[in-house]
Structure formats: C-alpha cells, structure tokens
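Written out below as structure tokens is the structure these notes cover.
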Amino acid sequence: MSEAGNDRAALVTGGARGIGLAIVEALAARGDRVTVADVDLERARASASALEKQGHRVAAVALDVTDVEQVHRVLEEVDAEQPLTTVVCNAGIGMNGGVLDTSPEEYDRVLAVNLKGVFFTMQAALRLMVPRGRGSVVSISSTSGFTASSTPMAVYDLSKAAVRMLTIAAAREVGRTGVRVNAVAPGTVGTDLVRAVLSEEAIARLEQERIPVGRLAEPREIAAAVAWLSSDDASYVTGHTLVADGGWLT
C-alpha cells in the first residue's frame, strides 16, 4: 500500500517498543511523519533515531498517557509542527489478577493507562481533527475484550472491552465530520515482553491448542492492520474493531 506524501503525520503512544514500534515502522514506511510518544523517552529517542537513519521521518516525545494535561499539550505541540492525520492509542499495560484478588491500587493503575489514557488521547486527537474534517484514530483493544484471558486478568479484560465500546461511541459521535475511529484487537503477539513472561512450553501449548493458525502473531502483522485502518483504503470503515488473532476467537 502506497500513501506516501508529506501531508501525512502520525503519533503513536507507547511507540518505543513492541507492537507500538512495529506500528511506527509501518506508518513511517508508507511516508508518514511519525512521532513516537512514550513514557520512556530514552528508548523512544533510540527507536526514532534508528528509523531516521533508514531515511524515515520520525521524532520522539515524552508522554505519560495518565496525565491528561500533558496528553493535550503534547498532541497540540506535535500537531502544530504538522497536522496529525493518524493517532494510534497503543500505550497499555497488563496485570495478572482475578476479581477476587485485585487491589484498588492495581485496578486504578490498569484503568489509568488502558482506558483513561486511551480516552483522553482520543479526545485530544479528535479535538484537533474534527475541525479540519480529516483524520483517523486507531486504538489497541484485544481478544481479551471479547473473551476472558486464559490467565485471570479481570481488570485488563475490562479495560480492553471498554476500548471497544469507546471506539463505537466515538465513531458514532464524529461520523459526519470526516474523522474515523477504529480499533485493532490482537491475539497473543510474539513480542520480547510476551516471550519473557511466557515459557516456551506455555507458548507451544497456546500455538497447538488455542490458535488455529498454529503460531503467535508477529508485531508487524498487528501494525499492518493499524496501517490499513488508518489508510484511505479504509475510508468507509469506522466504529470497527478489527480482530487479528489467528483464529483465536473462532
């Protein structure tokens, strides 16, 4: 898919590593000017620098998505340099724990990043895009927003289901403005973090017993879904959560 053009600019939260970095790479490869927005500024700068050396237009900014004032300020500053056409609400955290053993502090932490962070990043993006009548917001949900995680992760599941509904509500709200709002729901993705948390045996069981295509997703495959949803090829798609799970939910 080729959409090169200097008028396209994107911002990806949590873009310094994993799925977020793969999204940054995909959007940069199609010609977007991409801003890596991450709480880890050092890693964000390193990721941006590596892509710049490959000839892409990539910058880095510090962003804590739980800080609403900072979210609005950073997006406004980035937008002032070049109007944002794509914002990807990717930043998120996971936390093990079922309903019986989740503390109030754990509950607040997960929702602060995974729901509040997405909500107000989306709000900031839409406030910039709606007056211009152009733009796309894509959030990262999960198969855990459709069915409970294999290991109890009650608040995580709740947050990802809420992102699905937020996507629907926002798309309905701004549908006539020319701005689209969608989400991607990945299955288990073979990031460094996932491979550090899950043993080889656990991954093998997932691949054999749970995933019809027989393997974990690669980050680039989730990034490709995000790139398509934010492209002109998806101009009639809004309010949709695209499941990229290798058949997990079947």
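FYI, the numbering just counts along the sequence from 1. All values derive from a computational prediction rather than experimental measurement.
Residues Met129 and Val87 are in side-chain contact: their nearest non-hydrogen atoms beyond the backbone lie under 4.5 Å apart. Side-chain atoms of Leu158 and Tyr107, non-hydrogen and from C-beta on, do get closer than 4.5 Å to each other. Using a 4.5 Å heavy-atom threshold, the side chains of Pro186 and Ile140 count as touching. Within the 4.5 Å cutoff, side-chain heavy atoms of Leu216 are placed close to those of Ile211. When side chains are defined from C-beta on, Met122 counts as touching Leu166, because their heavy atoms get closer than 4.5 Å. Using a 4.5 Å heavy-atom threshold, the side chains of His72 and Val68 count as touching.
Within a 6.0 Å sphere centred on CZ of Phe146, other residues, nucleotides and ligands contribute more than 12 heavy atoms. Residue Asp192 qualifies as open at atom CG: its count of foreign heavy atoms under 6.0 Å is 12 or below. Within 6.0 Å of atom CZ in Arg109, 12 or fewer heavy atoms from other residues, nucleotides or ligands are found, so the atom counts as exposed in its surroundings. Counting non-hydrogen atoms of neighbouring residues, nucleotides and ligands closer than 6.0 angstrom, the CD atom of Glu42 reaches no more than 12 such neighbours. Atom CZ of Arg132 is surrounded by more than 12 heavy atoms from other residues, nucleotides or ligands within 6.0 Å.
Side-chain contact annotation: Ser139 with Thr167, donor-acceptor N/O pair under 3.5 Å absent. No side-chain donor-acceptor contact under 3.5 Å links Glu25 and His56. Inspection of the Ser150 and Arg205 side chains reveals no N or O donor paired with an N or O acceptor under 3.5 Å.
Criterion: ILVMFWY side-chain heavy atoms under 4.5 Å apart, direct or through other members. Under it, Val24 and Val65 are not part of a common hydrophobic cluster. In terms of hydrophobic clustering, with Ile, Leu, Val, Met, Phe, Trp and Tyr side chains grouped at heavy-atom distances under 4.5 Å, Val88 and Val118 are assigned to different clusters. Hydrophobic clustering of Ile, Leu, Val, Met, Phe, Trp and Tyr side chains at less than 4.5 Å, counting indirect connections, unites Leu84 with Phe120. Hydrophobic clustering, with ILVMFWY side chains joined whenever heavy atoms are under 4.5 angstrom apart, keeps Val78 apart from Val138. Under the 4.5 Å side-chain heavy-atom criterion for grouping Ile, Leu, Val, Met, Phe, Trp and Tyr, Val189 is not connected to Val113 through any hydrophobic cluster.
A side-chain contact (heavy atoms from CB on, under 4.5 Å) with Val34 is found for one member of Ile23, Thr86, Val12 and no other, namely Val12.
Side-chain N or O atoms of Arg8 include none that pairs as donor or acceptor with a backbone N or O of Arg30 at under 3.5 Å. Asp38 contributes no side-chain N or O that, together with a main-chain N or O of Ala44, makes up a donor-acceptor pair within less than 3.5 Å. Panel note: side chain Asp157, backbone Ser149; a donor-acceptor pair is recorded below 3.5 Å. The closest donor-acceptor contact from the side chain of Ser49 to the backbone of Ala46 lies at 3.5 Å or more, if one exists at all. When atom types are taken as modelled, the side chain of Thr35 and the backbone of Ala37 share no donor-acceptor pair closer than 3.5 angstrom.
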